[in-house]
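What follows is a single structure, written as C-alpha cells, with notes after it.
Only heavy atoms go into these numbers, but all of them, side chains included; no hydrogens, no water, no symmetry mates.
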There are 2 protein chains.
Amino acid sequence: MAKLQKSIDKRNALVKATIELVNNNGFHATPMSKIAKMANVSPATIYLYFENKQDLVNQTYIDVKAEYTKYAFANYDPTTPIEEGFKMIWKRIADFKLKESEHAMFLAQCDNTPMIDEESRQEGIKHLQPLLDLWERGKKEGIIKPISDYLLYAYAINPLSFLMMTQKRGAFTLDKTHLEEAYQSAWSSIKMCQ
Amino acid sequence: MAKLQKSIDKRNALVKATIELVNNNGFHATPMSKIAKMANVSPATIYLYFENKQDLVNQTYIDVKAEYTKYAFANYDPTTPIEEGFKMIWKRIADFKLKESEHAMFLAQCDNTPMIDEESRQEGIKHLQPLLDLWERGKKEGIIKPISDYLLYAYAINPLSFLMMTQKRGAFTLDKTHLEEAYQSAWSSIKMCQ
DNA sequence: ACATTAAAAATGAACGTTCATTCTTTTTTT
DNA sequence: AAAAAAAGAATGAACGTTCATTTTTAATGT
C-alpha cells in the first residue's frame with residue numbers, strides 16, 4: 001500500500017513548484033533544493049514521489065498536457081458541425097492559454113527544448129485526437145483544407161502559443177477584439193474555398 | 001588593441017559549439033567545459049572572449065538573430081508591391097528555417113525560455129523592421145488586415161517555427177508541396193477581403 | 001478507548017560530483 | 001624582449017542524490 005498512502009497534496013505541490021520555478025528561471029536554474037523549499041518539503045522527500053529530477057519534469061509535463069487537452073475538449077461533442085465545433089475547441093484552447101497562462105507557458109518551454117524525454121513527449125500528444133478527428137471530418141466534407149494535420153495545427157492553434165508568450169512578456173495585451181481577429185485568422189488559414 | 005588581436009575564428013567556433021550543444025542537450029546540460037572542448041579551446045580561453053556563460057549565450061542569440069533577419073531581407077526591395085514583397089520575405093524566412101534549421105532551432109529555444117536576458121531579446125527584435133513596414137504599407141492599401149503586428153506575425157511567420165521544429169523531431173517532412181500550402185495558409189490568414 | 005508496535009513517510013545533514021570561474025604558467029605574437 | 005593570448009590545473013560553490021535518523025500513521029491486542 002506504499003504509494004497510496006503518500007499525500008497527493010505533496011506531489012501536487014511539487015509539480016506546482018516545478019512549473020513556477022521553471023517558468024521564472026528556466027530548467028537550468030531551478031535546483032531540486034528550491035523546488036523542495038517552495039513546496040515546503042525536504043529535498044529528500046522529492047525522491048519518495050519521483051525517481052529523479054528528469055522524472056519530476058517529465059511527469060509535470062504530462063500532467064499539464066493532460067490538463068490542457070481535458071480543458072480543450074471539456075464541452076465538445078463529436079457530432080457538432082465542423083465550423084461550430086472548431087470554433088468551440090479553438091475558444092477553449094485560447095481560454096486555457098490566457099487563463100492558465102502559467103501552465104501554457106510551461107508547455108511552450110517544454111515543447112521547444114530538449115528538457116523532456118521523447119517518451120513523455122509522445123505521451124503528451126495522444127490526447128489531441130478529437131481535434132484531429134474533427135479535421136478529418138472537415139476534410140471529407142470539403143470544409144477544411146485537405147492538408148497535413150501538422151500544417152493545420154501550425155496555423156490554427158500554434159499561433160495562440162506565440163500570442164500568449166508575447167502577452168506574458170508584456171509587449172501587448174490580447175483583448176476581446178484581438179481574440180476575435182485571431183480566431184478569424186485561424187479559421188481563414190484552414191477553411192476551404194477562401 | 002587587445003580585442004582586435006584575438007582570433008575571430010575562435011569566437012565563432014565558441015558560438016557554433018554553443019548552438020550545437022544547447023540544441024542537442026539544452027542549456028541546463030551544456031557546461032562550459034564541453035563548449036570549450038568542442039571549440040578546441042581551453043575553458044579559460046572562453047573568458048577572453050565572453051564575460052561569462054550568460055554573456056556567451058546572449059551574444060550567440062544576438063548573432064543568430066542578426067543572421068536570420070539579414071537572410072530574410074537579403075533580396076528585399078521596400079518598393080516591391082505588397083503581396084509580392086510578402087511572398088518574397090516569407091519564402092526567405094521559410095528557406096532559413098529549413099536550410100539553417102540548427103540556427104532556427106536555437107532561436108526557438110531561446111524565444112520560449114528565460115535563458116536570454118531581456119536586453120538581448122530586445123536587441124534581437126530590432127532588425128525585423130522591414131517586415132513591419134511592409135505590413136504598415138499593406139494595411140494602408142487595404143491589402144493586409146488592419147490588426148496588430150503581433151497577430152500578423154503569429155499567423156504569417158511563427159507557424160514556420162512550429163513546422164521546422166516538428167520536422168526536426170522527424171514527425172513529418174516539409175516538402176515543396178507542404179511549403180506551398182503553408183504559404184497559402186499564411187497569406188490567407190493576413191490578407192484582407194477573404 | 002487506549003497502549004503498543006511495526007511500517008511508511010519525512011527529514012536534515014552529508015556525500016561525491018560537477019560546474020563556472022580564476023590563477024599561474026607557458027606559448028605566441030609583434 | 002615585452003605584451004597579449006592561451007593553456008591546464010586549481011578553487012570554491014552548488015548541485016542532485018543518498019544516508020541515517022526521527023516523526024507520523026495505522027493496525028493490533030488488551
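One interatomic measurement links the two molecules: CG of A:Leu48 to C1' of D:dT18, which rounds to 11 Å at whole-angstrom precision. Distance, B:Leu14 CG to D:dA6 P: 10 Å, rounded to whole Å. If you take CD1 of A:Ile8 and P of C:dA9, they are 13 Å apart, rounded to a whole angstrom. Straight-line distance from the CG atom of A:Asn25 to the C1' atom of D:dC15: 15 Å, rounded to whole Å. Rounded to an integer number of Å, the gap from A:Ile35 CD1 to D:dC15 C1' is 12 Å. Between the NZ atom of A:Lys34 and the C1' atom of D:dC15 there is a distance of 12 Å, given to the nearest Å. One atom, NE2 of B:His28, and another, P of D:dG16, lie 10 Å apart when rounded to the nearest Å. In this structure, the NZ atom of A:Lys37 is 14 Å from the C1' atom of D:dC15, given to the nearest Å.
With B:Ser189 contributing its side chain and A:Ser185 its backbone, the two residues share no donor-acceptor pair below 3.5 Å.
Not one side-chain nitrogen or oxygen of A:Lys10 sits closer than 4.0 Å to the OP1 or OP2 atom of C:dA9. A close approach under 4.0 Å does occur between a side-chain nitrogen or oxygen of B:Tyr49 and OP1 or OP2 of D:dA6.
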Tabulate below the donor-acceptor pairs under 3.5 Å that side-chain atoms of residues 154-163 of chain B make, not counting sequence neighbours, or state none.
unit_1: B:Tyr155; atom_1: OH; unit_2: A:Ala182; atom_2: O; d: 3.1
unit_1: B:Ser161; atom_1: OG; unit_2: B:Lys97; atom_2: NZ; d: 2.7

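A salt bridge links A:Asp149 with A:Lys139: at least one charged nitrogen is closer than 4.0 Å to a carboxylate oxygen.
Results of the ring-ring contact (aromatic ring centres under 6.0 Å, His included) test with A:Trp90 over A:Trp135, A:Tyr183, A:Trp187 single out A:Tyr183 as the only residue that passes.
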Query - Annotated protein contacts, base or backbone, on nucleotides 21-27 of chain C with a non-hydrogen cut-off under 4.0 Å, one of B, S, - each - result: BBB----
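Here the shortest heavy-atom pairing between B:Met164 and B:Met105 reads CE-N, 3.7 Å. Across A:Phe27 and A:Gln109, no two heavy atoms sit closer than the pair N-OE1, 3.9 Å.
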